[in-house]
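We use all heavy atoms of the structure for the numbers below, so side chains are in, but hydrogens, waters and symmetry mates are not. First listed ligand is number 1; within each ligand, the first listed atom is number 1.
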Amino acid sequence: MPTPFQLDLTHRPRRLRRTASLRALVEETVLRPQDFIAPLFVVEGKGAPEAIGSMPGVFRLNIADLVKECRALWKLGVPAVALFPKLDARFKDEEGTAALHEDALILRAVRAVKKAVPELVVLTDIALDPYTSHGHDGVLTADGRDVANDRTVEILMKMAVLHARAGVDLVAPSDMMDGRIGAIRRALDAAGHTQTGIMAYSVKYVSAFYGPFRDAVGSASAAGTHLLGKGTYQLNPANRREALTELALDVGEGADIVMVKPAGPYLDIIRDVREATQKPVAAYQVSGEFAQLHAAAQLGWLDLARCRHESLLAIKRAGADMILTYFAKDMAKELNR
Ligand code: PBG
């Protein structure tokens with residue numbers, strides 16, 4: 001009998017992969033229900049949950065159903081929700097004036113959720129896109145060809161104070177105007193809301209992966225297209241150094257948490273941001289990332305549960321401390337099993 005061939009190896013990394021227990025022992029990244037922030041959509045009225053075609057399993061909810069969903073998420077160990085209003089097109093205008101209504105849908109939603117589940121962290125977007133007829137995140141310049149920076153910031157400051165007064169834990173400016181974090185911090189403090197935090201969408205790219213979200217809040221139908229050009233304010237996907245410029249500005253202006261968005265296609269940026277700041281880093285697995293996994297799963301081409309888990313593990317491994325994801329509830333259920 002010839003002796004079987006044997007390499008003369010000092011290192012055999014497979015030794016630590018031999019059994020499930022050994023693999024568990026050397027596991028580096030672990031997902032927990034408390035890693036997730038669930039984005040939720042809210043609508044007026046008492047109607048049944050409205051399905052969103054491009055986002056299977058995601059619904060626009062009336063306030064009562066939203067509260068129920070928040071209770072369920074809290075029970076599952078999800079510590080935070082991000083609320084987005086979907087307005088009827090007739091309440092939208094060029095200036096997004098409905099964003100500053102004292103009794104706006106989003107404010108009533110925040111109050112209802114905070115009353116029912118006080119410990120649940122509630123955050124809201126500070127940007128005008130759910131409110132503008134053109135679907136942009138701010139008001140337009142006189143020639144209508146761009147978003148006006150400072151005039152938009154002036155509105156967002158008021159919006160942030162209204163949201164703080166309604167009880168949000170964090171405001172999340174998602175507009176990408178220059179100087180908005182500092183301006184919002186000062187406005188909150190001046191109104192006495194020193195404990196309301198800011199989760200800054202610091203590094204938000206011009207992404208085609210936002211398409212399904214624009215169906216969800218109706219900013220696409222308002223504008224008549226998914227392909228709204230937001231290139232004068234959101235970052236160019238080709239740029240990496242620019243992400244660190246935005247990060248430094250937002251941290252300097254007082255951001256408590258910084259965010260990278262989208263997440264999956266931008267893992268290098270999440271890592272860069274993680275290494276460049278001591279602040280907590282959030283990443284937003286956006287609607288298009290969610291939709292593509294569902295679409296492939298529906299065709300039988302991918303296993304949804306495993307790909308969902310892997311996509312989120314990758315985002316956490318890249319350096320995210322928390323992840324906004326439409327999979328939050330499903331993941332929490334899976335992890336609690
Ligand atoms: C709006 C906003 C967007 C998202 C979150 N806040 C869309 C956009 O900038 O056009 C996208 C979220 C998603 O795609 O899931 N300021």
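Among residues two or more places apart in sequence or in another chain, the side chain to side chain donor-acceptor pair (under 3.5 Å) test is passed with Arg15 by none. Residues that satisfy the side chain to side chain donor-acceptor pair (under 3.5 Å) test with Asp125, not counting sequence neighbours, are Ser174, Tyr201.
The closest heavy-atom contact to atom 2 (C) of ligand 1, among the options Met259, His136, Lys204, Glu289, comes from Lys204. Proximity annotation for atom 10 (O) of ligand 1: of Gln285, Gln234, Lys230, Lys230 comes nearest, heavy atoms only.
Close approach to Tyr284 involves these atoms of ligand 1, each under 4.0 Å from a residue heavy atom: 12 (C), 15 (O). Contact atoms of ligand 1 toward Ser174: 1 (C), 6 (N), 16 (N) (distance under 4.0 Å to a heavy atom of the residue). Close approach to Arg214 involves these atoms of ligand 1, each under 4.0 Å from a residue heavy atom: 8 (C), 10 (O).
Summarising the geometry, atom CG belonging to Leu312 is positioned 9.0 Å from atom CD belonging to Glu289; distances are rounded to the nearest 0.5 Å.
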Steps toward ring pair (Phe, Tyr, Trp, His ring centres under 6.0 Å) verdict (Phe213, Phe84): CA-CA 10 Å; Phe213 174 95; Phe84 296 94; 5.1 Å; yes
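The proximity of Asp175 to ligand 1, defined as any non-hydrogen pair under 4.0 Å, does not occur for either the backbone or the side chain. For Asp129, every heavy-atom contact with ligand 1 shorter than 4.0 Å involves the side chain, none the backbone.
Using 4.0 Å as the threshold, Tyr326 has a heavy atom nearer than that to some atom of ligand 1. Heavy atoms of Lys261 come nearer than 4.0 angstrom to ligand 1 in at least one pair.
With hydrogens and angles left out, the side-chain atoms of Ser133 and Asp93 include no donor and acceptor closer than 3.5 Å.
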